[in-house]
Amino acid sequence: MDAGEAVETIQREMTVFARRARASAGRLHPELSLVSYTLLGHLEDSGGCRATDLAAHYALDKSTVSRQVTALERAGLIERRQDRTDHRVQVLHLTDAGRSILAQVTESRRAAFRERLAEWPEPDLERFAEYLVRYNAWGGSGTPDAG
C-alpha cells in the first residue's frame, strides 16, 4: 500500500468510525446524541462555558449549538447561570441530572471500547492511542471532516 492508498483507507475507516459512533450514541442513551454527549463532556471538563465558546471549540455553527443547548436545557441536563464577572453573559453548566447521564453514557462507552479492544496487545493499544492523539492535535485549517 502506498501513501495515497493509505490516506484513502484512513479517510474511509474514519468515516466508518464516525458513523458507528453516532449510531452507538443513540443506543447508549436514546435522548443523547453524539453532539449532545460531546457538549456535555466539554461543559463538565471546562466547569461551564458560553454557547459561543462551544461553537468555537468544536467549529460548529452557532445555530447548531443553540439547538443542542435548547434541547439539553429542556431535558434538564444543563442550566444557564450569570457569569460572576460579567452579568450580561450566560454560562452553561451541567445540572445534577446532566452529570448523572453523562457518567452513565461515559461508562457505557468505555465498556464498549474495552470490549472491542480486549484482544489487542498492549503495545498496539498504546500506539493506537498515540496516533489518535497526534491526529486530533493537528491545528491546521481545513480540518478533515470524519463524517
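Just so it is clear, the values below take in all heavy atoms, side chains as well, and ignore hydrogens, waters and symmetry mates. Just so it is clear, the structure is predicted and the values come from calculations on it, not from any experiment.
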Return the [atom1] to [atom2] distance between [X] and [Y], rounded to the nearest 0.5 Å.
X	Y	atom1	atom2	answer
H93	R81	NE2	CZ	4.5 Å
T15	R20	OG1	CZ	12.0 Å
I78	L92	CD1	CG	4.5 Å
I101	T106	CD1	OG1	11.5 Å
S36	R67	OG	CZ	11.5 Å
L125	E130	CG	CD	11.0 Å

Quiz item: Which residues, ordered by chain and number, are linked to V133 in its hydrophobic cluster, where ILVMFWY side chains connect at heavy-atom gaps below 4.5 Å, directly or through other members?
Solution: none

Quiz prompt | ILVMFWY network linking L102 to Y58, side-chain heavy atoms under 4.5 angstrom | solution = yes

Quiz item: Are L77 and V65 connected in a single hydrophobic cluster, I mean Ile/Leu/Val/Met/Phe/Trp/Tyr linked by side-chain heavy atoms less than 4.5 Å apart?
Solution: yes

Quiz item: Is it true that R99 and E44 make a salt bridge, defined as a side-chain N closer than 4.0 Å to a carboxylate O?
Solution: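 Between E44 and R99 there is no salt bridge, as every charged N stays at least 4.0 Å from the carboxylate O atoms.
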
Quiz item: Does E107 pair with R114 as a salt bridge, N-O distance under 4.0 Å?
Solution: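 Salt bridge present between E107 and R114.
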
If we ignore hydrogens and angles and just use 3.5 Å, is the side chain of [X] paired with the main-chain N or O of [Y] as donor and acceptor?
X	Y	value
H42	L54	no
D53	C49	no
S100	D96	no

Quiz item: Counting heavy atoms not belonging to Y131, are there more than 12 under 6.0 Å from its OH?
Solution: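 No, because the 6.0 Å sphere around OH of Y131 holds 12 heavy atoms or fewer from other groups.
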
Quiz item: Has E115 got more than 12 heavy atoms of other residues, nucleotides or ligands less than 6.0 Å from its CD?
Solution: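 No.
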
Quiz item: Any side-chain heavy atom of R109 within less than 4.5 Å of one from F113?
Solution: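 Heavy-atom side-chain distance check passes, below 4.5 Å.
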
Exercise. Answer yes if the side chains of H87 and Q82 hold a donor-acceptor pair under 3.5 Å, and no otherwise.
Key: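 Their side chains do contain a donor-acceptor pair, which is all the 3.5 Å distance test asks for.
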
Quiz item: Which pair of non-hydrogen atoms, one from D83 and one from V91, has the smallest distance, and what is that distance?
Solution: OD2-CG2, 3.7 Å

